[in-house]
Amino acid sequence: MESLILLVNTIQRACTVVGDYGGGNNALSSLWEALPSVAVVGGQSSGKSSVLESIVGRDFLPRGSGIVTRRPLVLQLHKTENGTEDYAEFLHLTKKKFTNFSLVRKEIEDETDRITGKNKQISPIPIHLSIYSPNVVNLTLIDLPGLTKVAVEGQPDTIVEDIESMVRSYVEKPNCLILAISPANQDIATSDAMKLAKEVDPTGDRTFGVLTKLDLMDKGTNALEVIEGRSYRLKYPWVGIVNRSQADINKNVDMMVARRKEREYFESSPDYGHLATRMGSEYLAKLLSKLLESVIRSRIPSILSLINNNIEELERELDQLGRPVAIDAGAQLYTILGMCRAFEKIFKEHLDGGRPGGARIYGIFDYNLPTAIKKLPFDRHLSLQSVKKIVSESDGYQPHLIAPELGYRRLIEGSLNHFRGPAEASVNAIHFILKELVRKAIAETEELKRFPSLQIELVAAANSSLDKFREESMKSVLRLVDMESSYLTVDFFRKLHVENQNVSLSSPTTTIDQYGEGQFRKIASNVASYIKMVAETLVNTIPKAVVHCQVRQAKLSLLNYFYAQISQSQGKRLGQLLDENPALMERRVQCAKRLELYKKARDEIDAAVWVR
């Protein structure tokens with residue numbers, strides 16, 4: 001079972017290397033938080049550092065006033081064979097062994113300042129320290145900054161909340177065992193550690209209560225009410241600790257001597273003698289080690305399940321992010337053309353109905369164009385006053401003899417000019433929709449998301465082509481309008497003439513003054529009928545021209561000019577187009593590292609379980 005604790009140690013170190021650490025804001029799913037751990041929590045001056053040093057049997061932690069621990073310290077203890085020398089290693093100094101533990105203390109201070117600066121700031125990025133000794137048990141403890149109530153000089157006003165937030169981010173995880181340290185010479189009801197532990201673990205199932213400074217209590221008092229669980233009950237029994245006194249620390253009393261003194265204190269104590277076998281730092285370390293082993297074993301199935309799920313998610317995301325960009329110009333060109341084809345496919349799907357967009361084009365032809373034509377001001381143009389004026393001006397000094405043909409032509413040409421507005425509006429509306437569909441297709445092409453420069457280039461190339469298609473479409477629809485003005489439909493007026501003759505024969509007594517209002521009203525009616533016929537024609541022919549010149553061309557040759565240009569580009573130009581989004585590049589690297597971590601962790605857990 002001890003191999004499982006060592007395995008978790010290995011995985012924790014690997015997690016930190018790839019940026020996965022408890023209390024951090026990880027954008028990717030966290031393996032660290034699934035690993036069982038023991039977090040050490042206590043207020044300032046609670047004796048937290050002394051407890052850790054007593055468990056280790058070495059004097060190695062920074063000391064001083066104010067907030068000394070400003071980064072989480074992941075303390076991994078490895079039991080070695082008797083007779084071997086104690087030594088320490090830091091994760092950030094993998095090739096250096098420390099046998100002088102005063103230098104370990106200095107390195108902790110220096111490494112803390114390297115991230116936080118020397119102005120008492122805090123950071124969630126942990127320091128990993130491994131200690132190898134025959135005097136320890138296999139155990140991992142996470143030493144967190146001490147809870148405080150006031151900020152000291154040089155610290156932000158939010159330091160109290162910041163520390164509590166960091167500590168809480170560790171201890172609220174269900175896989176975290178809480179080692180809550182409280183001084184016995186203070187009321188347990190005021191303990192910062194127990195207050196926080198109760199908030200995140202109200203049933204006390206994950207909390208170990210540790211009472212320090214039992215030897216400093218007022219004479220005639222003891223802490224049995226707490227230690228025996230009568231005043232504050234937890235699932236696990238309370239453990240009392242007697243740390244080195246400040247005088248012992250100043251005299252550099254050996255930790256092994258301090259351990260012996262601690263045992264003697266409990267064995268000879270009239271208050272705690274009956275609990276001596278369950279008191280002291282040595283007992284605490286063994287208890288934690290045993291429980292941690294048990295928790296790890298029970299969590300292995302869920303950890304493996306989490307790892308397998310995350311491997312699948314990361315592999316899917318890496319597939320979406322794509323492979324790193326090739327260096328070879330030919331491969332780069334192949335990559336660009338492949339992404340262009342993917343974009344064109346999505347663009348065509350928008351037009352053909354596979355994706356939204358094509359229906360908007362139909363809406364322009366089916367509703368907007370007919371509605372715009374119906375709203376044209378023909379009533380004003382063909383009003384009695386307007387018809388009189390135009391017909392009279394067309395006759396000049398010689399009034400018409402039979403029918404005002406020039407007047408008819410001018411009325412019709414003036415009416416037909418109104419069709420230019422709806423025709424132009426249809427072309428512009430389709431142009432706007434096509435540009436919108438280009439933008440949407442670019443955004444929906446997963447392969448292009450990595451390359452903002454290529455996206456910009458493709459949008460510019462596509463819009464340039466659409467501008468040319470619009471220009472040609474505009475010429476075509478206006479040509480249709482002009483064609484109606486250039487040659488009037490003679491049959492319409494011949495039929496009209498025949499109808500008029502038939503009316504005259506059926507009513508021989510009826511005469512119409514060719515210069516009277518009746519005649520002008522009839523001219524207006526005839527012109528309106530002709531314009532209605534032309535409108536029905538243009539409502540059908542304008543969409544044909546627009547689709548042929550804009551939509552069809554967009555489907556066939558949207559990127560033709562871009563293809564011609566890119567095929568002649570040199571490697572430097574291709575590399576510029578494949579200038580990948582730095583955020584996506586970083587994301588791919590992080591995903592790849594995390595995937596490697598998970599696969600290695602899965603293999604090592606499987607191996608450890610089989611060995612067991």
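Counting begins at 1 with the first residue of the sequence.
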Angle between ring planes, Y265 versus Y272, binned at 30° and 60°: parallel, tilted or perpendicular? tilted
For side chain to side chain contact (heavy atoms under 4.5 Å, CB included), just list the numbers for T207 and K198, CA-CA rounded to whole Å, side-chain angles, deciding distance to a tenth of an Å, and then say yes or no. CA-CA 8 Å; T207 303; K198 189 171 184 178; over 6 Å; no
Working to the nearest 0.5 angstrom, can you tell me the gap between I125 CD1 and R114 CZ? 8.0 Å
I would like to know whether V41 and L147 meet side chain to side chain contact (heavy atoms under 4.5 Å, CB included); could you show each step before the answer? CA-CA 8 Å; V41 182; L147 298 166; 3.9 Å; yes
Any side-chain to backbone donor/acceptor pair from R206 onto V200? Under 3.5 Å, distance only. yes
Assess whether salt bridge (Lys or Arg N to Asp or Glu O under 4.0 Å) is satisfied between E264 and R260, documenting all intermediate values. CA-CA 6 Å; E264 292 172 352; R260 189 183 70 248; 3.7 Å; yes
M339 CE to R450 CZ distance, which is reported to the nearest 0.5 Å: 7.0 Å
Test item: E262 side-chain N/O and S281 main-chain N/O as donor-acceptor pair under 3.5 Å: yes
Can you tell me how far the CG atom of L35 sits from the CD1 atom of I296, to the nearest 0.5 Å? 8.0 Å
Check the pair K290, E293 against salt bridge (Lys or Arg N to Asp or Glu O under 4.0 Å), reporting the backbone distance first and the verdict last. CA-CA 5 Å; K290 183 177 179 180; E293 291 168 358; over 6 Å; no
Would you find a donor on one side and an acceptor on the other, under 3.5 Å apart, between the side chain of K48 and the backbone of Q44? no
Taking atom OG of S50 and atom CD1 of I55, what is their separation to the nearest 0.5 Å? 11.0 Å
On a heavy-atom basis, which atom in F208 and which in L177 lie closest, and how many Å separate them? CE1-CD1, 4.5 Å
For residues R58 and V104, determine if any side-chain heavy atom of one lies less than 4.5 Å from a side-chain heavy atom of the other. no
On the 0 to 90° scale, with breaks at 30° and 60°, tag the F90-F98 ring pair as parallel, tilted or perpendicular. perpendicular
My understanding is that only one of R70, R71, K106 makes a salt bridge (Lys or Arg N to Asp or Glu O under 4.0 Å) with E111; could you say which? R71
Given the rule in the side chain to side chain contact (heavy atoms under 4.5 Å, CB included) test, do E225 and I188 qualify, once you have shown the distances and angles that lead to the verdict? CA-CA 10 Å; E225 286 290 316; I188 193 66; over 6 Å; no
Sub-3.5 Å donor-acceptor pair from the side chain of S305 to the main-chain atoms of P301, do we have one? no
Close side-chain approach of P145 and D162, heavy atoms under 4.5 Å: no
Inter-residue atom distance L61.CG - L75.CG, 0.5 Å rounding: 7.5 Å
Specify the closest pair of heavy atoms between P183 and S46, including all atoms of both residues, with the distance to one decimal. CD-CB, 4.0 Å
Taking the basic N atoms (NZ, or NE/NH1/NH2) and the acidic carboxylate oxygens, is any pair closer than 4.0 Å for E164 and R168? yes
Flag side-chain contact, heavy atom, 4.5 Å: V38 against T140: no
Would you say the side chain of R244 lies within less than 4.5 Å of the side chain of M255, judging by non-hydrogen atoms? yes
Heavy-atom closest pair (L77 atom, V56 atom, distance to 0.1 Å) is CD2-CG2, 3.7 Å
Minimum heavy-atom distance L211-A223, with the two atoms named: CD1-CB, 3.6 Å
How far does OG of S102 sit from CD of E107, to the nearest 0.5 angstrom? 13.5 Å
Considering residues, nucleotides and ligands other than E315, do more than 12 of their heavy atoms fall under 6.0 Å from its CD? yes
I'd like to check the side chain to side chain contact (heavy atoms under 4.5 Å, CB included) partners of T10; sequence neighbours left out, ordered by chain and number. R13, E604
Under a 3.5 Å distance rule, please check whether T445 uses its side chain to pair with a backbone N or O of L448 as donor and acceptor. no
Contact summary for L129 and A88, nearest pair of heavy atoms: CD1-CB, 3.8 Å
Sub-3.5 Å donor-acceptor pair from the side chain of D86 to the main-chain atoms of S133, do we have one? no
Salt bridge or not for E282 and K286, using N-O below 4.0 Å? no
Decide whether E436 and H350 meet the rule of one side-chain donor and one side-chain acceptor closer than 3.5 Å. no
Looking at T112 and I108, would you say the former's side chain and the latter's main chain have a donor-acceptor pair under 3.5 Å? yes
List the steps, then state whether side chain to side chain contact (heavy atoms under 4.5 Å, CB included) holds for L595 with I311. CA-CA 6 Å; L595 180 60; I311 286 174; 3.9 Å; yes
Quick one: does S289's side chain have a donor or acceptor within less than 3.5 Å of a partner on N138's backbone? yes
Between E313 and R594, does the salt bridge (Lys or Arg N to Asp or Glu O under 4.0 Å) criterion hold? Intermediate values first, please. CA-CA 11 Å; E313 291 178 7; R594 195 66 61 92; over 6 Å; no
With a 4.5 Å limit on heavy-atom distance, are the side chains of M194 and L234 in contact? yes
Which atom names give the shortest non-hydrogen contact between V226 and S231, and what distance separates them? CG2-OG, 3.3 Å
Tell me if a side-chain donor or acceptor on R259 pairs with a main-chain N or O of S54 at a distance below 3.5 Å. yes
Just wondering, do M256 and N135 contact through their side chains at under 4.5 Å, heavy atoms? yes
